[in-house]
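Throughout, a chain's letter reflects where its sequence line sits, starting with A, and its residues are numbered from 1.
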Amino acid sequence: MNIKYVISASLLVLLGVILAFLPEKSHTTEIGPDKLLSELNDETRFVSTDKVADNIINGVPSVQLIDVRPAEEYNKFSLPDAINIPLDSLLLPDWQAYIDQEGIKTIFYSNGTVYASQAWMLSRRLGFSNLFIMKGGLNRWIETIMQAKEPDQTASSTEIALYEFRKAAGQFFGGGTQVAGSSTNTKKKKKVVKKRKRKAAAEGGCG
Amino acid sequence: MGPLITQDIIGGQWNFVIAFIIGIGFGFVLEQAGFSSSRKLAGVFYGYDFVVLRVFFVAAITATVGLLFFSYFDWIDLSLIYVNPIFLKSAIVGGVIMGLGFIIGGFCPGTSVCASAIGKIDAMFFLGGIFIGILLYGESFSLFKDLYYDKVPVDKMVFDALGISQGTFVLILILIALAAFYVTSLIEKKVDKVEY
């Protein structure tokens, strides 16, 4: 047999053996920059505070809130049922199972929008989907839900409905202006929920 | 890094230019390997010449090994490479037709172009036949549409279906190739040499 065939055959076998014993390549599912850019221009990743409040009140099971602020801020105040994953530990493998849930909408929030956006970007780059950001963060939350401003008398009916919803939600979350709503016992909560549901049709336009 | 065009590292308009250069290289290799002779190609079926099998099998395993190593070095992102879905039925029907054409005409589509280029008249006739076939198929496509689009919902990759790693599969493929080369060389020795 020709010596050059022997050499090339053994070379191929050697390369094959190397390939067989190389560890499984971890395929990075990072999405490409062009796709990320087009998604950044797409505003649908933002969820309004009203929608988040609506989800919490109705206990929508397919939505999870992730608080990306540091743990001490989370302990002082956070939205009900939110999970605390500080931004600096977002990429730890322990947390990834929380973020990477196919059927669950993940909504990030921070005090403003910046840190939540960073969390969104990092997670999106890892190829996770179904990610959203609460627009305006907790600042907007306080502004709109906890301290809802009464609209003018001349405001449109949708604005008034929105205000009604916000006021009710504010009471639900223990803020607002209602005198009776100072304590956060569960019986009160249920009442408020009913009130909101009556307005459901009008409220749908603002979510 | 790669694939270059998919990731816009070089512009999409280069696609045809690169295809043209690779095409010339491909034609050159085919001609070099003697594929412009229909007798050599038919030799696979009669058992006197297995160059076709050797060239294509070597090309396949070389490319496989190369791509996998490139992937390990992060020079290419294999997830961005388009892999055909499995069209099992149409592949079988097409394979039979192609095989018949191969053994009757003595060329496969690529080699017929290659042989026409060096002036083989039978290859030119073969090429004419290809275009008539394309025309007829195109005109009667609606008859074959269901067969054409009949995908099979199974594992796309053989190594996934077998539950082995990609590397192990490549090693097995290399061993099969080498065994095939050895066996066919034995057959070649047994069968009377055809001069052409």
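Counting non-hydrogen atoms of neighbouring residues, nucleotides and ligands closer than 6.0 angstrom, the OH atom of A:Tyr115 reaches no more than 12 such neighbours. Shown here is B:Met124, whose CE atom has more than 12 heavy atoms of other residues, nucleotides or ligands within 6.0 Å. By the 6.0 Å contact criterion, CZ on B:Phe28 is open, its count of non-hydrogen atoms from other residues, nucleotides or ligands being 12 or less. Around CD1 of B:Ile121, the count of heavy atoms belonging to other residues, nucleotides or ligands within 6.0 Å does not exceed 12. The environment of B:Phe141 atom CZ is dense: over 12 non-hydrogen atoms of other residues, nucleotides or ligands sit within 6.0 angstrom.
Closest heavy-atom contact between A:Ala20 and B:Leu171: CB-CD2, 3.9 Å. For B:Leu178 against A:Ala9, the heavy-atom pair with the smallest separation is CD2-CB, 3.6 Å.
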Apply the test side-chain contact (heavy atoms from CB on, under 4.5 Å) to residues B:Phe69 and A:Ile18: give CA-CA distance (whole Å), side-chain angles for both, the deciding distance (0.1 Å), then the verdict.
CA-CA 10 Å; B:Phe69 273 106; A:Ile18 294 174; 3.8 Å; yes
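The side chain to side chain contact (heavy atoms under 4.5 Å, CB included) test with B:Val170 is passed by exactly one of A:Leu19, A:Leu15, A:Leu12: A:Leu19.
If you measure heavy-atom distances from B:Val65 to chain A, the contacts under 4.5 Å come from both the backbone and the side chain.
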